[in-house]
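The structure appears right after this line, and notes come after that.
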Protein chains: 2
Amino acid sequence: MKSKKRTTIYDIAEKLNLNPSSVSRALNNSSSVNDATKKLILKTAKELNYTRNTLASNLRKGHSKTIGVVVPRINQNFFSNVIAGIEDATYKQGYNLIICQSNELYDKEVQCVNTLINQHVDCIVISISVETIDHKHLQNIIDHGIQLIQFDRVADELETLKVTNDNEQSSFEAVSHMIKQGYKRVALLEGPQKLNIFRQRKNGYLRALEENGIPVIPALMIENAWTKELSANATRQLLSLPQPPDAIFASTSDFSALGVLEVATAMNVKVPEELGICGYSNEDFTEITSPSITTIDQFSFYMGKTVANLYFQEMENTDTMVVPKIISIKPKLITRSSTQKTI
Amino acid sequence: MKSKKRTTIYDIAEKLNLNPSSVSRALNNSSSVNDATKKLILKTAKELNYTRNTLASNLRKGHSKTIGVVVPRINQNFFSNVIAGIEDATYKQGYNLIICQSNELYDKEVQCVNTLINQHVDCIVISISVETIDHKHLQNIIDHGIQLIQFDRVADELETLKVTNDNEQSSFEAVSHMIKQGYKRVALLEGPQKLNIFRQRKNGYLRALEENGIPVIPALMIENAWTKELSANATRQLLSLPQPPDAIFASTSDFSALGVLEVATAMNVKVPEELGICGYSNEDFTEITSPSITTIDQFSFYMGKTVANLYFQEMENTDTMVVPKIISIKPKLITRSSTQKTI
DNA sequence: TTGTACGCGTTATCAG
DNA sequence: CTGATAACGCGTACAA
């Protein structure tokens with residue numbers, strides 16, 4: 001029962017006393033084939049339960065109609081939404097998706113990329129891991145003539161297609177919003193500065209302070225607070241300062257913001273009256289905490305669609321010179337209760 | 001620059017004045033090949049930046065080392081966790097994952113399955129859409145000699161490998177728990193009864209009532225309340241009853257439970273004192289609502305690993321007769337504040 | 001319109 | 001241990 005032989009174009013050619021090539025043509029809806037025989041072929045193909053062997057077809061045609069996706073974690077809201085967006089757009093074009101997760105590990109990321117290269121995928125879409133500083137494996141993709149698209153967490157140095165969020169601007173707007181609300185001492189929880197997205201968010205924070213004539217206080221900037229636990233610790237530390245902050249921008253994620261909120265509540269610090277909080281990503285739960293959390297929506301699903309469309313657009317581009325193209329999506333500040341100091 | 005030619009075993013054979021088959025052997029670490037030449041081959045392979053064409057290899061070997069996964073939605077916590085689990089287990093064995101989403105649409109599900117059959121995947125893992133009542137496309141998978149594994153939402157009638165949750169038992173335990181807490185009139189929000197999982201959950205509810213000697217009240221059972229909005233509506237309706245329920249089991253999801261909680265709060269009904277609430281799935285947010293929501297953990301990541309291991313185990317099975325195998329995972333009741341009537 | 005013949009890149013099976 | 005050759009299933013230029 002296992003691995004029964006599947007019907008091929010030979011089988012149906014034999015049965016019809018035809019040449020396999022005719023069958024192939026009919027199956028591909030070629031114009032130069034008699035309507036009657038075409039119908040006959042299609043009919044018996046259905047009878048024999050024929051399905052094209054895409055492997056053979058792709059081998060012959062020299063492409064795989066497959067796109068490889070590498071993300072740190074599949075089961076993270078932002079990434080699974082991006083993937084859903086990519087899938088939605090590529091599916092209509094008959095493309096398949098091969099999904100890999102790096103688990104934030106450099107070594108596994110390299111492995112994933114190599115597997116995808118072996119698979120002869122037509123395009124690799126990647127958001128790099130937090131460990132990734134070396135880009136040989138990405139260069140390798142290009143060297144193999146495979147289209148490379150980076151998104152969100154990108155290696156700036158590499159000239160490739162990119163789809164990013166305007167992290168700098170959105171952070172700027174978030175912090176400006178908090179300042180306008182009347183918060184005077186806004187602290188920053190930073191992510192690993194190896195990743196460009198976290199550098200950009202920090203820059204936005206700094207620019208907001210500067211443009212509003214507010215001094216930068218190093219003690220209010222905490223490095224590597226990019227998980228809920230780390231952020232909780234950082235918050236305890238910040239709130240114990242002689243001059244504690246009156247607002248915290250958890251630039252790494254909403255989970256960080258949640259850590260802040262929980263510690264503040266535990267320490268009897270009133271949000272938003274005594275402490276403003278802003279997160280990043282617009283996770284579902286930010287709407288239902290009490291108070292609800294101000295955050296930044298990244299349009300993750302749309303981002304996925306953009307990635308896919310960028311690829312298709314690039315494919316149609318007949319110019320020999322490949323011009324690096326970068327699409328920046330402007331995230332949107334979602335103001336909620338956690339930053340409503342003034343009512 | 002586009003689609004530059006990639007080096008093949010011919011290229012490296014030519015350069016070394018060897019036969020392609022020798023190169024192939026060396027690359028596959030065959031025992032019968034001179035150590036010296038093997039080293040030489042491996043070295044020049046690296047020099048020429050060679051990577052095996054998995055397409056050709058798989059075509060020759062007659063399998064794809066690829067597993068297709070079809071789920072209603074990729075970006076839904078439960079499913080993305082299952083996928084992450086599958087990926088985690090299959091990756092180590094050198095398998096790739098092709099992911100498709102049916103978007104809860106029967107037609108798209110059929111399309112997905114057909115694509116995967118075309119791709120000659122070795123195995124298809126599926127959780128059916130809410131629309132799916134006809135199973136021809138699943139039978140088609142089997143007819144093509146492809147291993148089929150159903151999980152979570154399965155077609156009971158089909159004899160295939162299955163990995164499910166024991167929905168009946170967990171629902172029984174959840175409702176029993178509520179009754180023990182002192183709730184007398186427990187309402188049920190049902191999902192579409194087309195899906196076996198929702199039928200099972202209803203059965204568990206009914207059995208819990210029966211075994212505790214509590215009468216079944218049809219007015220307290222609301223059909224098709226399986227989104228947050230539908231559940232909110234249902235809750236408004238229930239709480240307006242002359243004899244309203246004092247507890248609601250949102251058997252479809254935690255989102256439904258959230259809808260219940262929001263309406264209760266808006267109507268000034270105190271949770272858990274005047275209304276107990278239990279959800280299903282253990283979404284992250286259930287921990288942080290106020291009050292936190294009692295729910296049922298499905299071990300989704302583990303479920304994915306189980307699916308993968310079931311496949312590998314089946315592959316090793318040399319018996320000609322394929323014995324249908326069903327693995328049932330026992331979910332775990334997580335009791336939280338929303339059902340603490342007695343303190 | 002149809003048939004012939006070959007190649008896509010590997011691997012398996014023979015000989016040698 | 002290595003070389004020659006066929007085959008996996010399909011698509012296509014060329015000839016008929």
Side-chain angles (χ1 to χ4, degrees), chain A residues 3-42 45 48-66 94 117-122 144-146, chain B residues 3-42 45 48-66 94 117-122 144-146:
Chain A
S3 87
K4 63 165 69 171
K5 236 183 141 292
R6 295 169 62 157
T7 72
T8 72
I9 53 173
Y10 285 93
D11 298 327
I12 121 157
E14 192 174 9
K15 177 158 187 181
L16 258 45
N17 258 330
L18 280 171
N19 195 285
S21 55
S22 298
V23 177
S24 173
R25 277 190 284 261
L27 259 23
N28 285 308
N29 220 346
S30 166
S31 52
S32 59
V33 53
N34 192 330
D35 256 13
T37 51
K38 185 191 282 188
K39 280 219 175 94
L40 187 60
I41 289 173
L42 258 39
L48 295 176
N49 205 9
Y50 170 83
T51 50
R52 164 194 276 111
N53 186 333
T54 317
L55 253 60
S57 173
N58 288 340
L59 174 61
R60 180 62 236 261
K61 291 198 286 202
H63 64 246
S64 61
K65 275 228 172 192
T66 297
I117 292 176
N118 279 4
Q119 284 284 338
H120 281 219
V121 294
D122 295 339
H144 277 281
I146 298 175
Chain B
S3 87
K4 62 164 71 170
K5 237 187 140 291
R6 293 166 65 156
T7 71
T8 72
I9 53 173
Y10 284 94
D11 299 326
I12 122 156
E14 193 174 9
K15 179 158 185 183
L16 258 45
N17 256 331
L18 281 170
N19 195 285
S21 52
S22 297
V23 177
S24 174
R25 278 190 283 261
L27 258 23
N28 284 307
N29 219 348
S30 165
S31 52
S32 60
V33 52
N34 191 329
D35 256 15
T37 50
K38 184 191 283 188
K39 281 219 173 94
L40 186 62
I41 289 172
L42 259 39
L48 294 177
N49 205 11
Y50 169 83
T51 50
R52 163 192 279 112
N53 186 334
T54 317
L55 253 61
S57 174
N58 288 341
L59 173 60
R60 184 59 239 258
K61 292 200 284 204
H63 65 246
S64 61
K65 275 228 171 192
T66 298
I117 292 177
N118 279 3
Q119 285 284 337
H120 281 219
V121 295
D122 295 339
H144 277 280
I146 297 175

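Below, chains carry the letters A, B, ... as their sequence lines are ordered, and counting in each starts from 1.
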(message) Using five base pairs at each end to define the local axes, how bent is the helix from C/dT1-D/dA16 to C/dG16-D/dC1, to the nearest 10°?
(response) 40°

(message) Taking any atom closer than 4.0 angstrom to a non-hydrogen atom of chain B, what span of DNA chain C does the protein reach, first nucleotide to last?
(response) C/dG9 to C/dT13

(message) Less than 4.5 Å apart, side chain to side chain, heavy atoms only: is that true for A/His144 and B/Thr51?
(response) yes

(message) Testing the basics here: between A/Tyr50 and A/Ile9, what is the closest heavy-atom pair and its distance to 0.1 Å?
(response) OH-CG2, 3.6 Å

(request) Heavy atoms of chain B, cut-off under 4.0 Å: which first and last nucleotide of DNA chain D, 5' to 3', fall inside that, if you could look? (result) D/dC1 to D/dG9

Throw together a table of side-chain donor-acceptor distances under 3.5 angstrom for residues 10-20 of chain A, partners on residues two or more places apart or in other chains.
residue	atom	partner	partner atom	Å
A/Asp11	OD2	A/Thr8	N	2.8
A/Asn19	OD1	A/Ser21	N	3.0
A/Asn19	OD1	A/Ser21	OG	2.8

(request) Give the minimum heavy-atom separation between A/Ala56 and B/Leu59, together with the two atoms involved. (result) CB-CD1, 3.9 Å

(message) So which atom in B/His120 and which in B/Ser64 form the shortest heavy-atom distance, rounded to 0.1 Å?
(response) O-OG, 2.7 Å

(request) Could you pull out all residues at least two apart from B/Thr37 that satisfy side-chain hydrogen bond (donor to acceptor under 3.5 Å, both in side chains)? (result) none

(request) May I ask you to list the residues of residues 50-63 of chain A, by number, that have any heavy atom positioned under 4.0 Å from an atom of DNA chain D? (result) A/Tyr50, A/Arg52, A/Asn53, A/Ala56, A/Ser57, A/Arg60

(request) Specify the residues of residues 15-24 of chain A, ordered by number, for which at least one heavy atom lies under 4.0 angstrom from an atom of DNA chain C. (result) A/Leu18, A/Asn19, A/Ser21, A/Ser22

(message) If the condition is side-chain contact (heavy atoms from CB on, under 4.5 Å), which residues does B/Thr54 pass it with, not counting sequence neighbours?
(response) A/Asn118, A/Gln119, B/Asn58

(request) Dump the intermediate steps for side chain to side chain contact (heavy atoms under 4.5 Å, CB included) on B/Leu42 and B/Leu27, then the final yes or no. (result) CA-CA 7 Å; B/Leu42 259 39; B/Leu27 258 23; 3.6 Å; yes

(message) Need to verify one output field. Residue with the more 5' nearest nucleotide on DNA chain C, A/Tyr10 or A/Asp35?
(response) A/Asp35

(request) Could you go through the side chain to side chain contact (heavy atoms under 4.5 Å, CB included) check for B/Asn29 and B/Lys38 one step at a time? (result) CA-CA 8 Å; B/Asn29 219 348; B/Lys38 184 191 283 188; 3.1 Å; yes

(request) With sequence neighbours excluded, tell me which residues meet side-chain hydrogen bond (donor to acceptor under 3.5 Å, both in side chains) with A/Arg60. (result) none

(request) Search all heavy atoms of A/His63 against all heavy atoms of A/Asp122 and return the closest pair with its distance. (result) CB-OD1, 3.4 Å

(request) Calculate, to the nearest 0.5 Å, the distance between atoms CD1 and CG belonging to A/Ile117 and B/Asn49 respectively. (result) 7.5 Å

(message) Going by the rule side-chain hydrogen bond (donor to acceptor under 3.5 Å, both in side chains), which residues pair with A/Asp35 if we only count those two or more places apart in sequence or in a different chain?
(response) none

